[in-house]
Trainee: 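Questions regarding the structure given below will be posed in turn.
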2 protein chains.
Amino acid sequence: MGAPALTDDKAPRPPGDLGGLEGIIGFHIRLAHGAVYRHFTETFADLDLTQKQVSALWLVSEFPGISQIELGRRLRMDRATTMTIVNRLQARAFMRRERSTSDARKQALYLTDGGVEALAKARRCIAQHEAWLKARFTAGEAEKLVEMLARIHE
Amino acid sequence: MGAPALTDDKAPRPPGDLGGLEGIIGFHIRLAHGAVYRHFTETFADLDLTQKQVSALWLVSEFPGISQIELGRRLRMDRATTMTIVNRLQARAFMRRERSTSDARKQALYLTDGGVEALAKARRCIAQHEAWLKARFTAGEAEKLVEMLARIHE
DNA sequence: GCGGAATTGTATGCTCTACTAACGATTAGG
DNA sequence: CCTAATCGTTAGTAGAGCATACAATTCCGC
């Protein structure tokens, strides 16, 4: 008991009040992720790329010839999810698949010229997006935040 | 130039290496959110409740009679998304809708007895989930993390 | 070397979340 | 009183994640 009724409009608690949810770390991660996701989507509206697609382009650029399973491992995606990402990027001619010469089970992934170009544009958008994010923190805080988040995803 | 080939299996970089992605705050928030989401889903497998559903139950419990639009505002969901959440919870008889007496446009949301019970169980699962999360941090760190995440979602 | 187990890619189908656009009902403001 | 704004609702679209099943390939024990 004690929770005040809101049937009338004399709301006694401010609109941002989240009650007991306020102290839950997981809840804040969820909201923060949502906010970042929304801003990302706006920033990348012109490029029409999602976070996952950009991450995949980026990783394939840094690890040319990487296999799908390895790409998925680093981005914490399962095989099926990785497939749909790569399918879309291949359909837009940003990426191509080749059978690996060392292991015929694997596909080796490479960026096409169009993919390199798209990634270059994406990097500029990411810089902008990150600037929006980092404006809230000092350099030390940003570093600490990244380090703590890394502890969560191992 | 510079990026080592992975066509062969002499991978010169460790499997956790994310290259330039490492420094991107948004990327770490994404991965952390994924990890939290996965653990949450495991923890709540028996209850068959999602993060959003639990958050909604919790908020309606703290603000009985809250309108859908207000619920959505606090959880950063639009009206359509809020609808589907409330629909599911109502279908499982955890929540009921009533027309607001003060504003006939609004629905006033209340937990049913089943909803109260489900929330009680959910709270125990959340405690477990949060303990898993908090094990990585000191009390001070956890507080700082929450505060920094709050800066992101305002 | 051979046969069974594990790995990788692929296809299919389901779910949750989120968004847009439209519409009707109700309320609020000039 | 009439118009604009708000709220709920429905329908459609899309990304992301997961499970399952299957084929091809490789690996390992014998």
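When reading the values below, keep in mind they use all heavy atoms of this one structure, side chains included, and skip hydrogens, waters and symmetry mates. In what follows, chains carry the letters A, B, and so on, assigned in the order in which the sequence lines appear, proteins first and then strands, with residues in each chain numbered from 1.
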Trainee: Look at the side chain of A:Ala80 and decide which nucleotide, out of C:dC19, D:dA19, D:dG8, has an atom nearest to it.
Mentor: D:dA19
Trainee: Once you measure the plane-to-plane angle for B:His33 and A:His33, does it fall in the parallel (<30°), tilted (30-60°) or perpendicular (>60°) bin?
Mentor: parallel
Trainee: Roughly, in whole Å, what's the span from CG in B:Leu31 to P in D:dG17?
Mentor: 10 Å
Trainee: Output the rounded distance in Å from CD (A:Glu70) to C1' (C:dT8).
Mentor: 12 Å
Trainee: Just the rounded figure in Å: distance from P of C:dT8 to CG of A:Leu109.
Mentor: 13 Å
Trainee: Between protein and nucleotides 21-25 of chain D, what N or O pairs are separated by less than 3.5 Å?
Mentor:
none

Trainee: Are B:Trp58 and B:Glu62 linked by a side-chain donor-acceptor pair shorter than 3.5 Å?
Mentor: yes
Trainee: Does either side chain, that of B:Arg97 or that of B:Gln90, offer a donor lying less than 3.5 Å from an acceptor on the other one?
Mentor: yes
Trainee: Using atom types as modelled, flag every donor-acceptor pair under 3.5 Å from a side chain in residues 147-154 of chain A to any protein atom, sequence neighbours excluded.
Mentor:
unit_1   : atom_1 : unit_2   : atom_2 : d
A:Glu147 : OE1    : A:Arg151 : NH2    : 2.9
A:Glu147 : OE2    : A:Arg151 : NE     : 2.8
A:Glu147 : OE2    : A:Arg151 : NH2    : 3.3
A:Arg151 : NH1    : B:Arg136 : O      : 2.7
A:Arg151 : NH1    : B:Glu141 : OE1    : 3.0
A:Arg151 : NH2    : B:Glu141 : OE2    : 2.9
A:His153 : ND1    : A:Leu149 : O      : 3.2

Trainee: Enumerate the protein-to-nucleotides 15-18 of chain C contacts in which both atoms are nitrogen or oxygen and the separation is below 3.5 Å.
Mentor:
unit_1 : atom_1 : unit_2  : atom_2 : d
C:dT17 : OP1    : B:Thr50 : OG1    : 2.8
C:dT17 : OP2    : B:Arg88 : NH2    : 3.1
C:dA18 : OP1    : B:Lys52 : NZ     : 3.2
C:dA18 : OP2    : B:Lys52 : NZ     : 2.9

Trainee: I need the CD-C1' distance between A:Gln68 and C:dT7, as an integer number of Å.
Mentor: 13 Å
Trainee: Of the listed nucleotides (C:dT8, D:dC7, D:dT10), which one gets closest to any side-chain atom of B:Lys106?
Mentor: D:dC7
Trainee: Run the salt-bridge test on B:Glu70 and B:Arg74 with the 4.0 Å N-O cut-off and return the result as yes or no.
Mentor: yes
Trainee: Over 60° means perpendicular and under 30° means parallel, so classify the ring planes of A:Trp132 and A:His39, tilted if in between.
Mentor: parallel
Trainee: With no hydrogens and no angle check, just 3.5 Å: does a side-chain donor-acceptor pair link B:Thr81 and B:Asp78?
Mentor: yes
Trainee: Tell me: CG of A:Leu75 to C1' of D:dG15, nearest whole Å?
Mentor: 15 Å
